[in-house]
Q: 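Next up is a structure, given as structure tokens.
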Amino acid sequence: MIEASTRAERRTSLHPPCGAAPRPSVSPVPSAIVPSTAIRALLRCQFGLEAFRPGQEETIHALLAGRDTLAVLLTGAGKSLVYQLAAQILPGATLVVSPLLALMHDQAQSLTERGMEVGIINSTLTERQADEALRQVQQEQVKLLYVTPERFEDEAFMAQAQRMEVSLLVIDEAHCISEWGHSFRPSYLALGRVAEQLGRPTLLALTATATPWVRRDITERLGMRQPAMVVRGSNRPNLFLEVLRVEEECQDRRVLQRLLTEAAGPERYGEPLAQELTRAMQGSGIVYTATTAAVRETAAWLQEWGIAADYYHGQRRKGDRERVQEAFMDGDLRVIAATNAFGLGVDKPDVRFVIHRDIPASVEAYYQEAGRAGRDGNLSRCVLIYRPGDLGRAAFLAGTGHLKREDVMRALDTLQARPRGTVRDLQKATGLGRGNLMRLIELLERQGIVARPRGDGETPTAERPGGGALGGIHLLRPDVHPDDVSLNGEARRLAYEHSRREMTRGYADLNDCRQEYILSYFGETYDAPSCTMCDNSVRHSQREAPPASRPELPAGRAPQGSPFATGDRVEHVAWGAGTVQRLRDDAATVLFDASGYKTLALPGALEQNLLRRLQ
């Protein structure tokens, strides 16, 4: 704490600019005790807001105290405001790493209109424009600079960046750094090393969805130091969750047509809910599919039914994508059919429904996409059209592959022939895609077998491996044998991926409350006494007798006679330690540290002494 406060005192200026409005009066005291009144004054005069949303102010205070922070805040909960405000108080520059080009430009335009100087460096800029943005940061004309993660692979850019005074490094969409996450991006793997090369500024990792496992992976990969964890819930009580099961893909058309053109029958959900769901389907919405062919097919159906619609996928021309997105945002298109290439950074508050024609490979991927509905807080409908046989296809489309012993052998043969090689050499020798290649390099680095050149120009050694974000690879242990390289981490990752697929299947096949299931998946509890916002709970409430499924339990309470409660640390004789995520009268779902999610039959586990509570 003393170290953090001292660092904060050295870095923090307490007189931030506030455009044309008067600056809030703040005494020159350490940032760890910047009064909330001063921060809120800046919120009002710079951003025109009267109050923070949950988690924002807590995160800002942690950053001003110089403390690394992981913030898991709901989609639409104002994650960007956290660093935008902190940047106005901190000295030097705030670098924001984001993969979302459209979001960069939208935020830069918005901040410029508020009187803040903002820079952008990405692939849409010329070299001269990028150099000018860097110059403005170095001369302290710009406080906030947005960059793509790939930019740190440019040696010239890194040389310039190392001459900046960087107080805060922000990693947006931080789940992209995790192999366990649903949107793994290999370019994110270098960011922990980038932070060291930039003089180790305070780190802020931001994401909307992260399981406990992914949170831990983010903090470890970024090298965060005793980070503050600000987790402000995944609960979206205005989203009505629903699963419609079909057996054949040819049934999709009829299901979609009924959802979009017919009223919801009161016999299914009763009134007034049926009317509200019908109104939601008359608003704007997104229909997600897994393939580009299905996207085009879906858009054609929608147009045939007289709905203003178009399609969006990553292989479509950039100009067409921009036109479709702009028309959807402006309300000229009511429905957009899209792959998962659409949605990140798109802030349309009045999306009333999200339909999935294909099941995603994980609960977090599904919930992030479904969560693009109802950001204005009004009731919205989230429908999954579920074919049990499609989960395998979803896993294949989303999968990152896995490293094999043969990949390690080819990489080591290449490095032993050329101990100072390059990433390009390894990719050519192994034939691996970029994602798997970067994971292989990281695996070899962690085991002290290779290192990447240091940012200070020195050659890496076993004692000082360094590890820059550059393109070179140096072999540190020429005599290493491929069999000496541990692939246990790969086995662990594959086990986790399998467990995630089973949890997704569990959501689709569920006969219990879907809201509670999703929250327990993210390590949270469902505090409402009863649910009226999912198909199962509404259907059960309409029965005269209690539902046949296992009953819901209040947050943190164990079934009668059970030695466990949600959140308990437990140990299984085969799967090791884990955390209880979800409980029913005769079953427990545990997130195991080494093998992911497992659902256990409690009577058998207790009788055979397979599971015990850790003190």
Q: Who pairs with A411 by side chain to side chain contact (heavy atoms under 4.5 Å, CB included), at least two apart in sequence or on another chain?
A: L426, T430, L440
Q: In terms of side-chain heavy atoms, does T209 have a donor or acceptor partner in E364 at a distance below 3.5 Å?
A: no
Q: Provide the closest heavy-atom pair for T219 versus M229 in the form atom of the first, atom of the second, distance.
A: CG2-SD, 4.2 Å
Q: Give me the atom names and distance for the closest heavy-atom approach of L583 to A588.
A: CD2-CB, 3.6 Å
Q: Can you name the salt bridge (Lys or Arg N to Asp or Glu O under 4.0 Å) partners of R514, sequence neighbours left out?
A: D535
Q: With the threshold set at 4.0 Å, does a side-chain nitrogen-carboxylate oxygen contact exist between E502 and R505?
A: yes
Q: For L487 versus L403, what's the shortest heavy-atom pair and its separation?
A: CD1-O, 4.3 Å
Q: Kindly give the heavy-atom pair with the smallest separation between A174 and T207, and that separation in Å.
A: N-CB, 4.2 Å
Q: Indicate yes or no: does R236 engage E524 in a salt bridge with an N to O separation below 4.0 Å.
A: no
Q: Take R582 and D512 through the salt bridge (charged side-chain N to carboxylate O under 4.0 Å, His left out) test and state the conclusion after the steps.
A: CA-CA 12 Å; R582 188 167 184 261; D512 293 330; 3.6 Å; yes
Q: Grab the two heavy atoms, one from Y597 and one from T211, that are nearest each other, plus how far apart they are.
A: OH-CG2, 3.4 Å
Q: Evaluate the side-chain proximity of L43 to L81: yes if any heavy-atom separation is below 4.5 Å, no if none is.
A: yes
Q: Does a salt bridge link R193 with E445, judged by any charged N lying under 4.0 Å from a carboxylate O?
A: yes
Q: Do the side chains of L206 and Y83 get nearer than 4.5 Å, heavy atoms only?
A: yes
Q: State whether the side chain of S499 and the backbone N or O of G596 hold a donor-acceptor pair below 3.5 Å, judged by distance alone.
A: no
Q: Are any side-chain N or O atoms of Y367 and backbone N or O atoms of S234, one a donor and one an acceptor, separated by less than 3.5 Å?
A: yes
Q: Check whether E571 reaches the backbone of L614 with its side chain - one donor and one acceptor, N or O, closer than 3.5 Å.
A: no
Q: Does some side-chain heavy atom of D172 sit less than 4.5 Å from a side-chain heavy atom of S80?
A: no
Q: Do the side chains of V354 and Y288 get nearer than 4.5 Å, heavy atoms only?
A: yes
Q: Do the side-chain N and O atoms of T504 and S362 include a donor-acceptor pair separated by under 3.5 angstrom?
A: no
Q: Checking Q515 side chain against C531 main chain: does a donor-acceptor pair fall under 3.5 Å?
A: no
Q: If I compare all heavy atoms of R245 with all of P388, which pair ends up nearest, and what's the gap?
A: NH2-CG, 3.1 Å
Q: With E607, which residues qualify under side chain to side chain contact (heavy atoms under 4.5 Å, CB included), at least two apart?
A: none
Q: May I ask you to test the R232-R53 pair for a side-chain heavy-atom distance under 4.5 Å?
A: no
Q: May I ask you to decide whether R216 forms a salt bridge with D593, counting only side-chain N to carboxylate O separations under 4.0 Å?
A: yes
